[in-house]
Structures are given as C-alpha cells and as structure tokens.
Amino acid sequence: MPAPRLSYSAESARDAALQAEFNEKKWVWVPDEKEGYLAGWVINEDGEEGDVVLAGGGECKRFPLMMLSKMNPPKFDRVDDIADLTFLNEASVVHNLRLRYGSGAIYTYSGLFLVAINPYTNLPLYSDAVIQQYRSKRRDENPPHIFAIAERAWVNMGEERENQSVLITCVHQHDACATSNISPF
C-alpha cells in the first residue's frame, strides 16, 4: 500500500523545518571513497583545516577546507535544472542527480543540455500520452524529458526554416564514450 501523501500544509511545514535546521549550521559536502560525498557541517575552522561533524553518524573528522564543497539549501533538492543550484559543484550536482534518480526522474536539465541516467529497467516514459504531454509546450511547462528537446528542435525547424540537430552522448561507467549527432532533425 502506498504511503499517504502529505497535505500541502504538512509539506510546507516539513520544508520549513528542514530549512530552519539547515540555516543553523554551515553545511558542506565531504569527499568519501565509498559514497562519493557525505553531508556534514563545519564546527570549527583553523587556518586551512576544519572540523566537520558527519551527518550520518555524528562522527567528527578534520579536513582541509579546500576539500569541502558548499551544500545547497533543501529547497534546491531535486531541481529540474542543475544550473539553478546556488552552489554548482560536483558534490551538489551528484546529490541532485541521485535524489532525482531515486524518485524516478531519470532526466535532468543542465542549462541547455539534458542529462539522462539509465534506470536499467523499462519505465512508462515513452507512450503516446507522454508525447502529447510535451507537444506544443515550452520546456519549462513539463518535467525534463527527451521529448521536450525533440519538441524544441521541431519548433525551431519550423520557425527558422533550418535543419536542427540533437547531440546524444553516452558515458559509461568505465569512461568509454559514444557520441551520435542526429541531423537533420
């Protein structure tokens, strides 16, 4: 049975509580060999090093300040476009992509680009109903999707009377890369 959906006021209260907790501390991302990055907050800065309490278990560790990345406030969790992040660093981008992927959102904008993460399963993302959802709509009227990119190319082709192309690049876990340029559109 699905979990009950929070009411709008309950969601607002939860968001406000998260924001208040966030504002009380200097939150950062700490590099971690296993997880990539861990959340923590700085409790002391001494020259070029700082003491950080790791959020996962309360352990306190010392790190060079240059290794820490600033964390975005909770209101930026799961943003559709990572270019909207206040602190645009690798840790914040990875965090946003993880949150979106975990909630079933495999597409995320990065400015003009679309980032897609392979879910390694079939998702109901490519039906005629979904195509219709993106037809004749601006990019910001729907969640990120490859159909939004295709729709924009189609509209541009009609308005500008010029061929359009879509660049598709696939990066694999082992740094192998394949690029396709689909043109004309």
Side-chain angles (χ1 to χ4, degrees), residues 1-45 49-121 123-125 130 133-134 137-149 151-152 171:
M1 175 173 231
R5 177 127 171 95
L6 292 174
S7 69
Y8 179 74
S9 60
E11 281 188 36
S12 296
R14 182 185 59 91
D15 291 346
L18 286 172
Q19 186 64 43
E21 179 186 351
F22 183 85
N23 290 341
E24 292 176 8
K25 301 173 179 137
K26 183 178 178 183
W27 286 88
V28 293
W29 291 109
V30 176
D32 180 73
E33 287 183 21
K34 182 180 175 193
E35 297 296 325
Y37 297 95
L38 298 174
W41 62 91
V42 177
I43 57 171
N44 181 42
E45 291 183 21
E49 293 191 330
D51 297 319
V52 178
V53 176
L54 301 178
E59 180 183 1
C60 186
K61 288 188 171 183
R62 191 160 187 80
F63 293 95
L65 293 175
M66 64 178 271
M67 288 181 64
L68 307 178
S69 300
K70 291 183 179 180
M71 185 184 290
N72 290 286
K75 71 179 182 178
F76 289 101
D77 285 353
R78 295 179 188 84
V79 293
D80 286 348
D81 190 337
I82 55 179
D84 293 338
L85 296 174
T86 301
F87 302 115
L88 190 56
N89 52 57
E90 181 178 330
S92 293
V93 169
V94 168
H95 175 70
N96 191 60
L97 292 173
R98 277 185 180 163
L99 290 178
R100 290 183 57 78
Y101 180 82
S103 65
I106 65 166
Y107 294 116
T108 306
Y109 292 123
S110 177
L112 296 174
F113 299 94
L114 179 71
V115 177
I117 300 177
N118 188 341
Y120 296 102
T121 187
L123 296 175
L125 297 175
V130 175
Q133 179 182 338
Y134 286 84
K137 297 286 195 300
R138 291 187 327 268
R139 185 178 106 154
D140 61 350
E141 293 182 89
N142 283 306
H145 198 288
I146 189 67
F147 291 158
I149 301 298
E151 179 66 19
R152 187 74 250 157
V171 178

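When reading the values below, keep in mind they use all heavy atoms of this one structure, side chains included, and skip hydrogens, waters and symmetry mates.
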* To do: Could you tell me whether the side chain of Ser92 and the main chain of Leu88 form a donor-acceptor pair under 3.5 Å?
  => no
* To do: Flag yes if more than 12 heavy atoms outside Leu123 fall under 6.0 Å of its CG atom; otherwise flag no.
  => yes
* **Glu49, CD: over 12 other non-hydrogen atoms inside 6.0 angstrom** => yes
* **Basic-acidic side-chain contact under 4.0 Å: Glu151, Arg138** => no
* Structure fact -> Applying side-chain contact (heavy atoms from CB on, under 4.5 Å) to Leu114 and not counting sequence neighbours gives Tyr107, Tyr109, Pro144, Ile146, Ile149
* To do: Decide yes or no for Glu90 and Trp29: does some side-chain heavy atom of the first lie under 4.5 Å from some side-chain heavy atom of the second?
  => no
* How would you list all residue pairs meeting ring pair (Phe, Tyr, Trp, His ring centres under 6.0 Å) that involve residues 50-91, not counting sequence neighbours? -> none
* Is Glu59 close to Leu54 at the side-chain level, that is, under 4.5 Å between some pair of heavy atoms? -> yes
* To do: With the side chain counted from C-beta on, respond yes when Thr108 and Ile82 share a heavy-atom pair under 4.5 Å apart, and no when they do not.
  => yes
* To do: Would you please name every residue forming a side-chain contact (heavy atoms from CB on, under 4.5 Å) with Ile43, sequence neighbours left out?
  => Trp41, Asp51, Val53, Cys60
* Taking Asn142 for its side chain and Gln133 for its backbone only, find out whether a donor-acceptor pair lies under 3.5 Å. => yes
* Structure fact -> Here the salt bridge (charged side-chain N to carboxylate O under 4.0 Å, His left out) pairs for residues 94-108, sequence neighbours left out, are Asp80-Arg100
* Check salt bridge (Lys or Arg N to Asp or Glu O under 4.0 Å) between Arg139 and all other residues, then give those that pass, not counting sequence neighbours. => Asp81
* **Shortest non-hydrogen contact from Val79 toward Lys75** => CG1-O, 4.4 Å
* Can you name the nearest heavy-atom pair linking Ala91 to Ser69, along with the distance? -> CB-CB, 4.1 Å
* Asked: Which residues pass the ring pair (Phe, Tyr, Trp, His ring centres under 6.0 Å) test with Tyr134, sequence neighbours left out?
  -> His145
* Asked: Just by distance, do the side chain of Asn72 and the backbone of Leu85 share a donor-acceptor pair under 3.5 Å?
  -> no
* What closest approach, in Å, do Leu125 and Phe147 show between heavy atoms, and which atom pair accounts for it? -> O-CE1, 3.7 Å
* May I ask you to test the Leu65-Glu45 pair for a side-chain heavy-atom distance under 4.5 Å? => yes
